[in-house]
Colleague: 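My structure is below; once you've seen it, I'll send some questions.
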Amino acid sequence: MSAKLGTLEELPQDYRDALSEAGAAPLWPMMRNVLPHDAPRPATRPGHWEYSRLRPLLLKAGELTPVEKAERRVLVLSDPGRGAGAMQATASIYIGLQLLLPGETAPAHKHTPSAVRIVVEGKGGYTVVDGEKLPMEEGDLVLTPGGEWHDHGHDGDEPVIWLDALDLPLFVYLEGSYAVESELQAQRNRPDASQVEYRASGLAPARRPAIQPRRYPMMRYPWKRTEEALREMARYGNGELAELDYVNPETGEDVLPTMGFTAMMLRKGQKASPPRRSTSGVFHVVKGTGTTTIDGQAVDWKAKDTFSAPVFAAVDHHATQESFLVHIHDRPLQDRLRYYEERPR
Ligand code: GTQ
């Protein structure tokens, strides 16, 4: 049932000119660009960003550009499909690698997009969100939700590097992206909520009518616990991929409105071929080595690398060592827009 649609060239030139003059355009020659048959035609191409290649370039940025001149000293991972300079890894996901040197601070600001940090290396880094000091240890996942003040600091004595994931491309597309700057925040003198109120999964502060839980009650997800939980899942599972979603400990919902985070464990030699998904995704390797084939393109990854998969990609993982990955995706957004979809392989 797909009739061949008329082209622009079939229309008389004076008619086309009159349309342009009037600020209008015919839909039918463009119809399949905006509504392709059966599945989207993503501009995004699979990307692979090797840490061993980016790390020296990021450290060089530390020499070339003082943090005061950068506000945030970040190298952005550009989608190969959009080319050099692209400020996004997929249509909805921005990924950056951020460097903070000992003693440096990155000033407080808040912005409409939400951000998440996954710590790649270094000790002593921290992020302050709304006055709460969130220590950043390797593999930790730290939220800075849209609209929340945040600044970064560093008490240690070696470079600290983390991965930033933001829903920035959406906000840019919506013409809704902006930031407000301020002084460094005063820090509350207590451990973050992951070490106090939400120390144990399944336990939350006693509910009282007068006390409304915070919208983002826990903003740091210590890697140590994630890894322990994944190991037990893998040990007692039925051989399926062990996966855990990061959720809000009060509501069980996704941690942020648009971006979702899923920690994965693959045992040595394990293969996994998830269904094709309508989400785009970025995979960050916390530990391990393996190969993932994305729409026929093989990515040989190792610890601290990052790679991406476009929407509806055929993704086949094969871990050559025991491996832990964090899958960054936009399922929460697609659930909210009610179009998330999986197609069997
Ligand atoms: O650390 O607040 O990679 O505002 C891009 C924008 C990091 C941050 C990024 C930001 C930040």
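Atoms within each ligand, like the ligands themselves, are counted from 1 in listed order. Sequential numbering from 1 along the given sequence is applied to the chain's residues.
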Colleague: Charged N to carboxylate O under 4.0 angstrom, Arg225 versus Glu228?
Modeller: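 Looking at Glu228 together with Arg225, the answer is no, because their closest N to O distance does not fall below 4.0 Å.
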Colleague: Side chains of Arg72 and His109: donor-acceptor distance under 3.5 Å anywhere?
Modeller: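 Side chains of Arg72 and His109: pair found under 3.5 Å.
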Colleague: Parallel under 30°, tilted from 30 to 60°, perpendicular over 60°: which one fits the rings of Phe324 and Trp223?
Modeller: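 Perpendicular: the ring planes of Phe324 and Trp223 meet at over 60°.
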Colleague: Taking the six-membered ring where the residue is Trp, are the ring centres of Phe283 and His317 under 6.0 Å apart?
Modeller: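 That pair passes the under 6.0 Å test.
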Colleague: Could you tabulate the donor-acceptor pairs under 3.5 Å formed by side-chain atoms of residues 338-345, not counting sequence neighbours?
Modeller:
| from | atom 1 | to | atom 2 | distance (Å) |
| --- | --- | --- | --- | --- |
| Tyr339 | OH | Gln334 | NE2 | 3.2 |
| Tyr340 | OH | Glu342 | OE2 | 2.7 |
| Glu341 | OE2 | Arg343 | NE | 2.6 |
| Glu341 | OE2 | Arg343 | NH2 | 3.2 |
| Arg343 | NH1 | Asp38 | O | 3.4 |
| Arg343 | NH2 | Asp38 | O | 2.9 |
| Arg345 | NH1 | Val315 | O | 3.1 |
| Arg345 | NH1 | Asp316 | OD1 | 3.3 |
| Arg345 | NH2 | Asp316 | OD1 | 3.2 |
| Arg345 | NH2 | Asp316 | OD2 | 3.1 |

Colleague: If I take atom CG from residue Leu35 and atom CG from residue Leu27, how far apart are they, to the nearest 0.5 angstrom?
Modeller: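 The CG atom of Leu35 sits 7.5 Å away from the CG atom of Leu27.
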Colleague: Students should find this: residues with any non-hydrogen atom under 4.0 Å from ligand 1. What is the answer?
Modeller: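 For ligand 1, the residues that come within the 4.0 Å heavy-atom cutoff are Arg72, Val74, Tyr94, Gln98, His109, His111, Arg117, His150, His152, Asp164, Leu166.
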